[in-house]
2 protein chains.
Amino acid sequence: MHTELQLDNQICFRLYTAARLITQAYTPMLNTLGITYPQYLVLMVLWEKDCQLVNDIAHRLLLETNTVTPLLQRMEKEGLVKRTKGKEDGRQTLVTLTKKGCELEEQAYNSIPAGMAKELRACPLKFKDYEHLAEELDSIINTLNNK
Amino acid sequence: MHTELQLDNQICFRLYTAARLITQAYTPMLNTLGITYPQYLVLMVLWEKDCQLVNDIAHRLLLETNTVTPLLQRMEKEGLVKRTKGKEDGRQTLVTLTKKGCELEEQAYNSIPAGMAKELRACPLKFKDYEHLAEELDSIINTLNNK
DNA sequence: TTCAATTAAATCGCTTGCGATATAAATTAT
DNA sequence: ATAATTTATATCGCAAGCGATTTAATTGAA
């Protein structure tokens, strides 16, 4: 038996599981808003700065356009964003928030942060722990992303 | 602008991204073995203890059977595991490693741990940091799983 | 200029992950 | 014993992720 190959010793399995479970925790709240978690990520990017290229959004989320394009197409069908071909550079696609997409920010603000706090109320981690966690995750993300 | 809704303030986005990137880092090594990351997880479960029920595997990985069953079916088609109906309880399905599935353990042992160490060589985290990270992730996982 | 690279998105095919439902075998209640 | 319930898996449908390829527009080089 190789202890290196034990599930309990795998940081990757923990990341995989924690990511799934926390996304699941978001899901009921996001369902109320009629969106999925990746759609919520795209909206957060656009709430920070409206009217961005597909590539900008993909880059911000560290995703490829072959993930983002279909995601945006579904979001357009849902009336959350509008996609328009670039005037100067015809290869580009500009993504803009619709009124509906804009208005979701307030609704999200009124439910998501408090909702997540509630989900994690039983978690023994303190503010400082979450800060550490964020730093450690950023280390891993930066290492693997700049390769 | 609601700072609570900024991507940079989201622990969930970090988890989501770190999980994706570290899985991507595994992928070339796993390709060499002819398996995917979730299949690797199943194999680790069976390497720890061969011959388990679908439910045991799902429970160990914190997944549902509607994820694990098709995964196992694909693995059976690849000749990694065998699925047999339970003799005593006809509802159960027993999952066993094939010779091929067994032998992958040595191959994995010879390539994966060293390969991942190499991928993360540039990461500033030390042994103690990874320990902390594991504890923090376990806190989150336990909190969200026991709800 | 003209044709070969580059770039931005989109498309395709496949595996996951998961909510919802179905199937079928065992257990429990009446 | 028979019907209702529970349990173990499986099936279905859809949204992601992503490797690989394609399309179309722009840039660059000869």
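Every chain is numbered from 1 and lettered A, B, ... according to where its sequence line falls, protein lines coming before strand lines. When reading the values below, keep in mind they use all heavy atoms of this one structure, side chains included, and skip hydrogens, waters and symmetry mates.
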Look at the side chain of [X] and decide which nucleotide, out of [options], has an atom nearest to it.
X: B:T36; options: D:dG17, D:dT9, C:dT15; result: C:dT15
X: A:P38; options: C:dA10, D:dG17, D:dA10; result: D:dG17
X: A:Q39; options: C:dA9, C:dA10, D:dA16; result: D:dA16

>> Categorize B:R74 for me: base, sugar-phosphate, or nothing, with a 4.0 angstrom heavy-atom threshold over every strand shown.
In response: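 Touches a base.
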Euclidean distance, atom [atom1] of residue [X] to atom [atom2] of [N] [Å, nearest integer]:
X: B:Y16; N: C:dG17; atom1: OH; atom2: C1'; value: 13 Å
X: A:L30; N: D:dA16; atom1: CG; atom2: C1'; value: 14 Å
X: B:Q52; N: D:dT9; atom1: CD; atom2: P; value: 11 Å
X: B:L63; N: C:dT15; atom1: CG; atom2: C1'; value: 13 Å
X: A:I22; N: C:dG17; atom1: CD1; atom2: P; value: 17 Å
X: A:D56; N: C:dA8; atom1: CG; atom2: C1'; value: 11 Å
X: B:L41; N: C:dT16; atom1: CG; atom2: P; value: 10 Å
X: B:Q92; N: C:dT27; atom1: CD; atom2: C1'; value: 13 Å

> According to a strict under-4.0 Å criterion, is B:T93 in side-chain N/O contact with OP1 or OP2 of D:dA8?
Replying inline: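 For B:T93, the contact criterion (side-chain N or O under 4.0 Å from OP1 or OP2 of D:dA8) is not met.
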>> So, does A:R83 get its side chain near the phosphate of C:dA10, meaning an N or O under 4.0 Å from OP1 or OP2?
In response: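 Yes, such a contact exists.
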Surrounding [atom1] of [X] (heavy atoms of other residues, nucleotides or ligands, distance under 6.0 Å), is the total greater than 12?
X: B:E64; atom1: CD; value: no
X: B:K85; atom1: NZ; value: yes
X: B:Q73; atom1: CD; value: yes

> Using a cut-off of 4.0 Å between protein heavy atoms and nucleotide atoms, how would you tag nucleotides 21-29 of chain D 5' to 3' with B, S and -?
Replying inline: ----BS---
> Taking A:L63 as the fixed residue, which of A:V68, A:V42, A:I57, A:L41 is the one that meets the side chain to side chain contact (heavy atoms under 4.5 Å, CB included) rule?
Replying inline: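 Of the listed options, the one satisfying the test is A:V68.
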>> Applying ring pair (Phe, Tyr, Trp, His ring centres under 6.0 Å) as the test, list every pair that has at least one member in residues 114-133 of chain B; sequence neighbours left out.
In response: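 Output for this query is empty, none listed.
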>> If I take atom CG from residue B:N110 and atom CD from residue B:E105, how far apart are they, to the nearest 0.5 angstrom?
In response: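 That separation rounds to 10.5 Å.
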> Between the base of C:dG19 and the side chain of B:N66, is there a donor-acceptor distance below 3.5 Å?
Replying inline: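 Indeed, a donor on one side and an acceptor on the other fall under 3.5 Å apart.
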> Is the A:Y37 ring parallel, tilted or perpendicular to the A:Y26 ring (thresholds 30°, 60°)?
Replying inline: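 The arrangement is tilted - the two ring planes meet at 30° to 60°.
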> Charged N to carboxylate O under 4.0 angstrom, A:K128 versus A:E131?
Replying inline: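 Counted as a salt bridge, because a side-chain N and a carboxylate O are separated by less than 4.0 Å.
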> Which residue, A:T67 or B:E64, contacts DNA chain C at a nucleotide closer to its 5' end, judged by nearest heavy atom?
Replying inline: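 That would be A:T67.
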> For A:Q24 and A:T65, take the nucleotide of DNA chain C holding the closest heavy atom to each; which residue's nucleotide lies nearer the 5' end?
Replying inline: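 Looking at DNA chain C, the more 5' nearest nucleotide goes with A:T65.
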> Starting at the 5' end of DNA chain D and moving along, which residue's nearest nucleotide shows up first, A:M75 or B:L94?
Replying inline: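 Its nearest nucleotide being more 5', the pick is B:L94.
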